[in-house]
Amino acid sequence: MQIQKGSMLVFCILVGFFGFSWCGRLDAKTPQLRLTMLDATEFTGHIEPSTAHGLIRFRSASSEESKPYTMASVRGIESLDYLNRIIRARVEYETPPNCIRLIDGDSLEADVRNITLDGVEFESPQTDMNFLAAAEVAGVTLQRPTRSLALTRNERRRLRNIPNSMAETPPTHLFYSVAGDVLRGRLVQLDADSLTVDIRSRRQEISRERIATIEPLRESPAKDVSSGSHILVTYSRGCRLSFSSIEVSDDAIIGDHSTFGKCEIQIADLDSILLNQK
């Protein structure tokens, strides 16, 4: 009898240990989310797979089964970790460390490989697309700066004002350093190692490690976002994409984007989903 009790005790300890470890891995892949209805009703739990058009399946923490909710009745879904981060940082939104910003306000998580006046070559875990024309790009962030890069409206206006002496070969971009300095010059190329830029007709090479952000000097025309792109997904600490529709797989949000086509965002990287953004 003593042996049976001892064996049962060992069994319970092992089950408890492995059960705890399994749950820990599950929570790491399926972050706690808060679903908010249009009537302000809130549920905390997990999003679950759904391919049905216009439906979100959500399992609240108090339920063993998920329930379908029409997207038209849902205001949004937010990661509790994301909400805690922005509260602690006292910010409205986060700045992603590496992304391409589009002229329509979206931003794609990306490893930028090369930039020329033609456009940006990149790799992204969200899309198979690997090139974006310069006319679509509002800016590129290579890494977070150590100091603020904010410029006043007057400072930006002054930097965009091109003197007559530079009219033949005008500067094309603003280059923000990691330390917060701003350089105006004509982009030649950015590759894996360095930035090549012409400054007052003199060619210079700057280590890529010193560059935080690159922005075109031209005023980006506001892109007419399709009225169908009414689902805004924020992910990877500040990146954001607008979709016309979404599906949910076991571990990802799959959305239709007007520029990138089919995009896939891991649920583990999800910050928020805002619906009915018309």
Side-chain angles (χ1 to χ4, degrees), residues 93-223 236-241 257 259-260:
Y93 55 88
E94 295 177 297
T95 302
N98 54 320
C99 71
I100 301 173
R101 289 180 284 111
L102 279 62
I103 59 174
D104 62 6
D106 280 1
S107 54
L108 178 76
E109 179 185 8
D111 178 12
V112 174
R113 300 304 179 88
N114 190 61
I115 305 177
T116 66
L117 291 179
D118 292 329
V120 181
E121 293 180 16
F122 63 92
E123 288 189 1
S124 170
Q126 280 78 54
T127 176
D128 292 332
M129 191 172 175
N130 56 21
F131 179 81
L132 200 58
E136 295 282 342
V137 178
V140 171
T141 299
L142 304 174
Q143 57 187 315
R144 284 196 180 102
T146 56
R147 291 176 53 190
S148 172
L149 304 181
L151 293 177
T152 66
R153 183 176 298 180
N154 287 336
E155 287 173 331
R156 286 184 177 275
R157 186 181 296 115
R158 179 174 57 82
L159 287 169
R160 293 182 187 280
N161 184 26
I162 308 302
N164 293 332
S165 59
M166 303 173 68
E168 291 187 5
T169 55
T172 58
H173 289 76
L174 297 178
F175 307 94
Y176 298 81
S177 76
V178 173
D181 300 316
V182 185
L183 177 69
R184 183 175 67 174
R186 186 173 183 83
L187 173 71
V188 178
Q189 184 179 24
L190 175 88
D191 58 26
D193 301 313
S194 62
L195 167 70
T196 304
V197 58
D198 288 338
I199 302 174
R200 294 186 179 276
S201 300
R202 295 183 60 184
R203 183 150 300 184
Q204 297 187 27
E205 282 197 7
I206 303 170
S207 171
R208 174 170 171 152
E209 294 180 351
R210 296 177 58 189
I211 306 299
T213 303
I214 299 174
E215 290 181 357
L217 265 173
R218 58 167 169 72
E219 291 285 355
S220 298
K223 185 175 179 180
S236 294
R237 295 178 178 265
C239 294
R240 49 179 281 171
L241 291 173
H257 192 269
T259 298
F260 301 116

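Position 1 is the first residue of the sequence, and the numbers go up from there.
- Using a 4.5 Å heavy-atom threshold, the side chains of Val182 and Glu215 count as separate.
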For this session: Using the side chain to side chain contact (heavy atoms under 4.5 Å, CB included) rule, take Asp106 and Thr259 through it: C-alpha gap first, then chi angles, then the decisive distance, then the call.
Result: CA-CA 10 Å; Asp106 280 1; Thr259 298; over 6 Å; no
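- Using a 4.5 Å cut-off on side-chain heavy atoms (C-beta onward), Glu109 and Pro96 make no contact.
- Across every non-hydrogen atom of Gly185 and Ile199, the tightest pair is CA-CG1, 4.4 Å.
- In this structure, the separation between CD1 on Ile100 and CZ on Phe260 is 6.5 Å, given to the nearest 0.5 Å.
- Counting non-hydrogen atoms of neighbouring residues, nucleotides and ligands closer than 6.0 angstrom, the CZ atom of Arg144 exceeds 12 such neighbours.
- Nearest heavy-atom pair across Thr146 and Ala179 is OG1-CA, 3.7 Å.
- For Asn114, the CG atom sits in a packed shell: over 12 heavy atoms of surrounding residues, nucleotides or ligands are nearer than 6.0 Å.
- If you take OG1 on Thr141 and OH on Tyr176, they are separated by 10.5 Å, rounding to the nearest 0.5 Å.
- Of all the heavy atoms in Arg218 and Val137, the pair that sits closest is NH2-O, 2.9 Å.
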For this session: Would you please test Thr172 and Leu217 for side chain to side chain contact (heavy atoms under 4.5 Å, CB included) and show each step?
Result: CA-CA 5 Å; Thr172 58; Leu217 265 173; 5.8 Å; no
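- Rounding to the nearest 0.5 Å places CZ of Arg240 at 13.5 Å from CD of Glu94.
- The structure places CG of Leu132 at 11.0 Å from OG of Ser124, a figure rounded to the nearest 0.5 Å.
- In terms of heavy atoms, Arg158 sits closest to Arg184 at O-NH1, 3.8 Å.
- Here Leu108 contributes atom CG and His257 contributes atom NE2; the two are 8.0 Å apart, rounded to the nearest 0.5 Å.
- When atom types are taken as modelled, the side chain of Asn98 and the backbone of Gln143 share no donor-acceptor pair closer than 3.5 angstrom.
- Looking at heavy atoms from C-beta onward, Leu187 lies out of side-chain contact with Thr116 at the 4.5 angstrom threshold.
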For this session: Decide yes or no on side chain to side chain contact (heavy atoms under 4.5 Å, CB included) for His173 and Leu195, but give the supporting numbers first.
Result: CA-CA 12 Å; His173 289 76; Leu195 167 70; over 6 Å; no
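- Considering Thr127, Val140, Asp111, Ile115 in turn, Thr127 is the only one that fulfils the side chain to side chain contact (heavy atoms under 4.5 Å, CB included) rule with Phe122.
- Between the CD1 atom in Ile214 and the CZ atom in Arg208 there is a gap of 8.0 Å [rounded to 0.5 Å].
- Between Cys99 and Ser107, the closest heavy-atom pair is SG-CB, 4.2 Å.
- Atom CZ of Arg210 has 12 or fewer heavy atoms from other residues, nucleotides or ligands within 6.0 Å.
- Within the 4.5 Å cutoff, the side chain of Asp198 has no heavy atoms near those of the Thr169 side chain.
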